[in-house]
Amino acid sequence: MTPSHYLVLGALLFVIGGVGFLVRRNVLVTLMSIELMLNAVNLTLVTFNRMRPEGMGGQMFAFFLIAAEAAEVAVGLAIVLSMFRIRRTVRSDDADLLRN
């Protein structure tokens, strides 16, 4: 596979994640869509690093992004669990506790 194939795959994964984020109302699916978009960015960063291997910038950014993804998942799942305990649902439309 050439680097352009990886870039197209990364773009396709990012679009799928973006559509999932915008269309779905389930918070868990929204979190998975965000993860898919971040992994598409990781794939793109590693691909660019492979095209220009003199620096390790792409792989370093991908590493830091993976750490940020782990923190995002931990906080997101804690919010989802808290919301489920209070509302008994994980739909984002019902997450209006701070609205009033």
Side-chain angles (χ1 to χ4, degrees):
M1 291 179 78
T2 63
S4 63
H5 290 107
Y6 291 111
L7 293 177
V8 169
L9 178 64
L12 184 65
L13 289 175
F14 192 85
V15 168
I16 291 171
V19 169
F21 178 77
L22 292 175
V23 172
R24 300 300 299 258
R25 295 291 175 231
N26 188 331
V27 178
L28 292 174
V29 175
T30 303
L31 283 175
M32 288 190 294
S33 297
I34 292 171
E35 288 294 319
L36 191 60
M37 288 190 294
L38 291 174
N39 283 325
V41 171
N42 280 340
L43 180 64
T44 304
L45 287 172
V46 171
T47 301
F48 281 130
N49 189 51
R50 186 173 176 166
M51 291 168 55
R52 309 194 102 210
E54 59 268 3
M56 299 298 285
Q59 290 184 3
M60 292 300 294
F61 277 126
F63 177 74
F64 285 120
L65 194 55
I66 289 170
E69 289 173 23
E72 176 253 333
V73 166
V75 172
L77 287 179
I79 291 171
V80 168
L81 282 175
S82 176
M83 188 174 96
F84 183 75
R85 285 183 184 161
I86 295 171
R87 293 286 177 136
R88 294 290 174 200
T89 183
V90 290
R91 291 185 51 88
S92 61
D93 294 337
D94 297 332
D96 58 353
L97 292 174
L98 297 177
R99 186 171 291 174
N100 296 329

Applying the 4.5 Å side-chain criterion to the ILVMFWY set and letting contacts propagate, would Leu43 and Met1 be lumped into a single cluster? yes
Scan for side-chain hydrogen bond (donor to acceptor under 3.5 Å, both in side chains) pairs involving residues 49-59, sequence neighbours excluded, and state none if there are none. none
Determine which pairs satisfy side-chain hydrogen bond (donor to acceptor under 3.5 Å, both in side chains) with at least one residue from residues 62-78, sequence neighbours left out, and list them in order. Asn42-Glu69
Can you name the salt bridge (charged side-chain N to carboxylate O under 4.0 Å, His left out) partners of Arg91, sequence neighbours left out? Asp93
Would you say Ile66 and Met60 are hydrophobically clustered, going by side-chain heavy atoms of ILVMFWY under 4.5 Å? no
May I ask you to list the residues sharing a hydrophobic cluster with Val46, side-chain cutoff 4.5 Å, ordered by chain and number? none
Hydrophobic clusters join Ile, Leu, Val, Met, Phe, Trp and Tyr when side-chain heavy atoms are under 4.5 Å apart, directly or via other members; which others share one with Leu7? Phe48, Met51
One should read off an interatomic distance between Ser92 OG and Leu28 CG, to the nearest 0.5 angstrom, of 11.0 Å
Treating Ile, Leu, Val, Met, Phe, Trp and Tyr as nodes and any side-chain heavy-atom pair under 4.5 angstrom as an edge, say whether Leu65 and Phe63 lie in one connected cluster. no
Hydrophobic cluster (4.5 angstrom, side-chain heavy atoms) - remaining members for Ile79: Val75
Grouping I, L, V, M, F, W and Y whenever their side-chain heavy atoms are under 4.5 Å apart, do Val23 and Phe14 come out in a common cluster? no
Which atom pair, heavy atoms only, marks the closest approach of Thr47 to Tyr6? OG1-CB, 3.3 Å
Determine all donor-acceptor pairs shorter than 3.5 Å in which one atom belongs to a side chain in residues 30-38; sequence neighbours excluded.
from  : atom 1 : to    : atom 2 : distance (Å)
Thr30 : OG1    : Asn26 : O      : 2.9
Ser33 : OG     : Val29 : O      : 2.9

Under the side chain to side chain donor-acceptor pair (under 3.5 Å) test, which residues partner Asn39, sequence neighbours left out? none
Sequence neighbours excluded, the answer for side chain to side chain contact (heavy atoms under 4.5 Å, CB included) partners of Phe61 is Leu45
Going by side chain to side chain donor-acceptor pair (under 3.5 Å), name the residues that satisfy it together with Thr2, two or more places apart in sequence or in a different chain. Ser4, His5
